[in-house]
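In what follows, chains are A, B, ... by sequence order, proteins preceding strands, each numbered from 1. All values derive from a computational prediction rather than experimental measurement.
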Amino acid sequence: MEQSKNVLIIVPAYNEEESIGRTLQSLLHTTKASKYNIDICVVNDGSKDRTAEIVQSYPEVKLLNLPYNLGIGGAMQTGYRYAYESNYQIAIQFDADGQHNNEELNTIIEPLKNQEADMIVGSRFVLPTEYRGSSMRRIGIVYFMYLLYALTKQKFTDPTSGFRAINHKIIKEFAHRYPKDYPEPEVLIYLHKKGYIIKEKSVKMQARQGGASSITPFKSLYYMIKVTLSIIMQKVIKE
Amino acid sequence: MNITILSFAIVIIFLFVVIESVRRGILETKYSLLWILTCIIMAILSIGTTLLNSLAELLGIFYAPSLLFLFGLLFSLIIIFDLTRRVSQLNHKLVTLTQDFTLLKQKLSEQDKIDNEGSQE
């Protein structure tokens, strides 16, 4: 009997030629040793560098090559649609820049397997870890935590974390509809409104291994205002 | 020159441009309707001085032609809003189309891989 497809790791990548190779190498290493049946898929979001070429040199990795840049929301949704059409049970978002720790994959897969929650968000702040972001970044994260708490009455200590796993129900939901602009915090509101169970698990994260954050200090205030607006809009948006 | 006559002249020229654009196929008919409606209402308001004056009096406006600017501005806002809505719809369609295209391309290359492996055996 053919084994049903298990877990899909979705790696969104935009101009990540410096770090994508290393990230994939270590991911492949982990997934081969894992007890779960894990596939990896990279969504190349219209990169202008050699990202796609590098991904192609790993034949086990599936490449979804977007012809032009859709932004993180559109790119992730492409991955979720692929997961839905290929009938995966669990999908994991994993950043290409090497911030996320592949040893933590089990930490976020297990609670989904045990059906404790519909979505697991890997958080740097549930327990104290060595993670040190810039102070501006930490102020932003705390701010969003309180904003989301005011709107959902649930505490998300790391609302912008891009390390998260979802089950088949939410894969279907996201394949149909996924917030475009600032998906990480918006998704939390969206799913909370629909009554799904979201839980956080403590994970370790490294500082990025290469490439640059899309959020520069100069843009952070502007970013915070925009995200605040889209989070509040997400709260009032019609289904 | 009187402001009412000037604005009437501008509106008529504009109406002509709109109709000509539709005739040449540059502007789609369904999008031209709002523009034509705007032109007609503006034309009536700018030439019908008595209508404009009584409307201004009704609304408590001392200088009647300023009502023309108000209507002009309002119509512009409505049309711009209508446009941003259409742009949003188009954007949504484009994103879905791009994703469909990418997923199909992936399926195709996967199929090619399987075929190649089959032919090598």
* To do: With a 4.5 angstrom heavy-atom cut-off, could you sort out which part of S109(B) is near chain A: side chain, backbone, both or neither?
  =>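 Interface part for S109(B): neither.
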
Does the [X] side chain pair with the main chain of [Y], one donor and one acceptor, at a distance under 3.5 Å?
X       : Y       : result
Q234(A) : E186(A) : no
D118(A) : I197(A) : yes
D95(A)  : D97(A)  : no

* **Among E85(A), K180(A), K62(A), R81(A), residue most engaged with chain B (heavy-atom pairs, under 4.5 Å)** =>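 Highest number of pairs under 4.5 Å: R81(A).
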
* Asked: Is chain B contacted by the side chain of L63(A), its backbone, both, or neither, given a heavy-atom distance below 4.5 Å?
  ->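 Just the backbone, heavy atoms under 4.5 Å.
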
* If we ignore angles and hydrogens, is there a donor and acceptor under 3.5 Å between the side chains of Y14(A) and K48(A)? ->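 A donor-acceptor contact under 3.5 Å links the two side chains.
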
